[in-house]
Amino acid sequence: MNSINKNSQEFSEGVTNWYLLNGRESLPWRRNVSGYKVWISEIMLQQTQVKTVIPFYKKFIKKYPNLESISSATEDDILALWSGLGFYRRAKNIYKSKEIIKKEYKNRFPRKFNELMLLPGIGRSTAGAIMSIAYKKSYPILDANVKRVISRYEKIDMSDKDVMKKLWMLSEFLTPINNIFEYTQGIMDLGATVCISRSPNCIQCPLNQSCKSAYETFDINKKIKKEKSKKKIYFTLAHSKKSFLLFKKNDKTFWESLWIPYDNQNLKKSNIFKEPYKSEVKNLNHALSHVDLDITIEIFDYKKPFKIETNLEHQWINKNQIDKFGLPKPIKSIIENYV
DNA sequence: AAAACGTGGGT
DNA sequence: TACCCAAGTTT
């Protein structure tokens with residue numbers, strides 16, 4: 001049994017002072033901070049690396065710099081800006097949340113932790129980040145960076161059943177009352193640049209005197225992972241010189257509410273397509289988090305759009321309007337060859 | 001409460 | 001190449 005370091009003050013001051021000298025001040029969401037902008041950035045950053053998020057965040061904020069500007073956006077508008085970022089439920093939750101904020105908070109972004117927690121897509125860590133970064137209130141967070149830093153600092157057994165509970169208690173204990181803005185950003189920056197996953201740079205770490213794992217080497221976590229399932233999908237992409245025929249995906253398995261080509265998955269004979277004047281077939285693999293997709297896509301060229309007999313939601317989308325729609329990455333990549 | 005949910009960075 | 005894993009939340 002190892003005892004917890006006595007003072008959390010040494011920890012938080014170490015983090016805060018380090019941040020003042022080494023913090024990543026240039027990150028786009030650290031300029032002109034607002035509750036709204038911290039919210040958008042925190043949602044984008046869930047399970048997604050900073051480097052990946054930056055261009056998406058900039059594009060998003062350029063179009064929707066504040067709550068007022070996003071208040072009349074449709075779900076499709078928001079999904080379009082999310083296209084290629086992944087975990088699309090996050091975009092759908094942003095849509096739902098801003099509708100709630102409009103109706104229940106007179107379109108003023110919530111300032112209270114409990115109010116934030118009620119919004120879809122905001123859990124304890126994201127609510128804590130908004131409270132501490134946007135409003136400078138002392139709330140703990142527990143993202144991947146904080147987990148790594150504090151679990152090493154106190155040498156927590158990560159295979160323990162209720163690590164999460166332990167880690168939250170520890171994060172709460174270590175989170176200071178003062179300088180909460182600097183501390184919260186600092187501990188994330190420290191985790192992202194010094195206390196990194198593979199080979200931490202302990203020599204540069206402000207906590208290397210009291211850290212219980214200082215100068216240790218870390219094995220990669222070998223988790224028992226179950227076999228990833230494979231799935232074959234067959235698409236038919238119809239297009240004319242000026243437009244693509246796309247369908248709105250309706251099932252929850254993946255890419256819900258995004259626009260995709262006609263799904264021929266069961267190889268059902270459909271007679272909704274006329275004979276194209278030209279066609280080709282492409283094949284590609286695409287890995288999702290839980291399924292490996294084997295995609296076969298037939299591409300039908302037509303002289304002009306034609307009427308489709310189906311109940312499925314669909315649209316002939318003008319090629320110069322394609323960026324107004326949310327498309328999954330591999331579909332977007334294919335389509336770009338025919339624009 | 002384990003599994004679902006996307007995509008790309010880094011080794 | 002293959003594999004881990006990333007500013008997590010929801011069901």
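These numbers come from the heavy atoms of this one structure, side chains and all, not from hydrogens, waters or symmetry mates. Chain letters run A, B, ... following the sequence lines, proteins first, then strands; residues in each count from 1.
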If you measure from the [atom1] atom in [N] to the same atom in [M], how many Å do you get, rounded?
{"N": "B:dA1", "M": "C:dA6", "atom1": "C1'", "result": "22 Å"}
{"N": "B:dA2", "M": "C:dA7", "atom1": "C1'", "result": "23 Å"}
{"N": "C:dC3", "M": "B:dG6", "atom1": "P", "result": "22 Å"}

Determine, step by step, whether A:Trp39 and A:Phe109 satisfy the ring-ring contact (aromatic ring centres under 6.0 Å, His included) criterion, reporting the C-alpha distance in whole Å, the side-chain angles of both residues, the deciding distance to 0.1 Å, and the verdict.
CA-CA 10 Å; A:Trp39 171 48; A:Phe109 197 79; 5.4 Å; yes
Looking at [Y], I'd like to know if the NZ or CZ of [X] sits under 6.0 Å from its six-membered ring centre while staying within 45 degrees of the ring's axis.
{"X": "A:Lys112", "Y": "A:Tyr135", "answer": "no"}
{"X": "A:Lys303", "Y": "A:Tyr277", "answer": "yes"}
{"X": "A:Lys319", "Y": "A:Phe244", "answer": "yes"}
{"X": "A:Lys92", "Y": "A:Tyr95", "answer": "no"}
{"X": "A:Arg111", "Y": "A:Tyr105", "answer": "no"}

Return the value, rounded to whole Å, for the distance between atom [atom1] of [X] and atom [atom2] of [N].
{"X": "A:Ile196", "N": "C:dC4", "atom1": "CD1", "atom2": "P", "result": "18 Å"}
{"X": "A:Phe218", "N": "C:dC5", "atom1": "CZ", "atom2": "C1'", "result": "16 Å"}
{"X": "A:Glu256", "N": "C:dT10", "atom1": "CD", "atom2": "C1'", "result": "13 Å"}
{"X": "A:Tyr57", "N": "C:dA7", "atom1": "OH", "atom2": "P", "result": "17 Å"}
{"X": "A:Met117", "N": "C:dG8", "atom1": "CE", "atom2": "C1'", "result": "12 Å"}
{"X": "A:Lys147", "N": "C:dA6", "atom1": "NZ", "atom2": "C1'", "result": "11 Å"}
{"X": "A:Lys252", "N": "B:dG6", "atom1": "NZ", "atom2": "C1'", "result": "17 Å"}
{"X": "A:Lys51", "N": "C:dA7", "atom1": "NZ", "atom2": "C1'", "result": "17 Å"}

For [X], which contact category applies under a 4.0 Å heavy-atom criterion: base, sugar-phosphate, or nothing?
{"X": "A:Phe87", "result": "base"}
{"X": "A:Gly191", "result": "nothing"}
{"X": "A:Ala129", "result": "nothing"}
{"X": "A:Val53", "result": "nothing"}
{"X": "A:Leu27", "result": "base"}
{"X": "A:Ala287", "result": "base"}

Would you say [X] places a side-chain N or O within less than 4.0 Å of OP1 or OP2 belonging to [N]?
{"X": "A:Lys228", "N": "C:dC3", "value": "no"}
{"X": "A:Arg24", "N": "C:dA7", "value": "no"}
{"X": "A:His286", "N": "B:dT7", "value": "yes"}
{"X": "A:Trp255", "N": "B:dA4", "value": "no"}
{"X": "A:Gln47", "N": "C:dA6", "value": "no"}

Closest-nucleotide ordering on DNA chain C, the 5'-leading residue of A:Trp29 and A:Ile122:
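The residue mapped nearer the 5' terminus is A:Trp29.
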Between A:Tyr139 and A:Phe113, is the ring centroid distance below 6.0 Å?
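Distance test on ring centres: under 6.0 Å, yes.
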Nearest to the side chain of A:Ser197, heavy atoms from C-beta on, is which of B:dG6, C:dC5, B:dG9?
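Closest nucleotide among those given: C:dC5.
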Compare the minimum distances between each of B:dG6, B:dG9, C:dA7 and the side chain of A:Ser289, then state the nucleotide with the smallest one.
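That would be B:dG6.
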Please list residues of residues 89-100 of chain A whose heavy atoms come under 4.0 Å from any atom in DNA chain B, ordered by number; otherwise none.
A:Arg89
Any donor-acceptor pair under 3.5 Å joining the side chain of A:Thr48 to the base of C:dG8?
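No, no donor-acceptor pair under 3.5 Å.
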Under 3.5 Å, is there an N or O donor on one side and an acceptor on the other linking the side chain of A:Gln46 and the base of C:dG8?
no
Is A:Ile331 linked to A:Phe87 within one hydrophobic cluster, defined over Ile, Leu, Val, Met, Phe, Trp and Tyr using a side-chain heavy-atom separation of less than 4.5 Å?
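Not linked; separate clusters.
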Between A:Thr253 and A:Lys329, which has a closest nucleotide on DNA chain B that is more 5'?
A:Thr253
Neighbour count above 12 (heavy atom, 6.0 Å) for A:Ile203 CD1:
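No.
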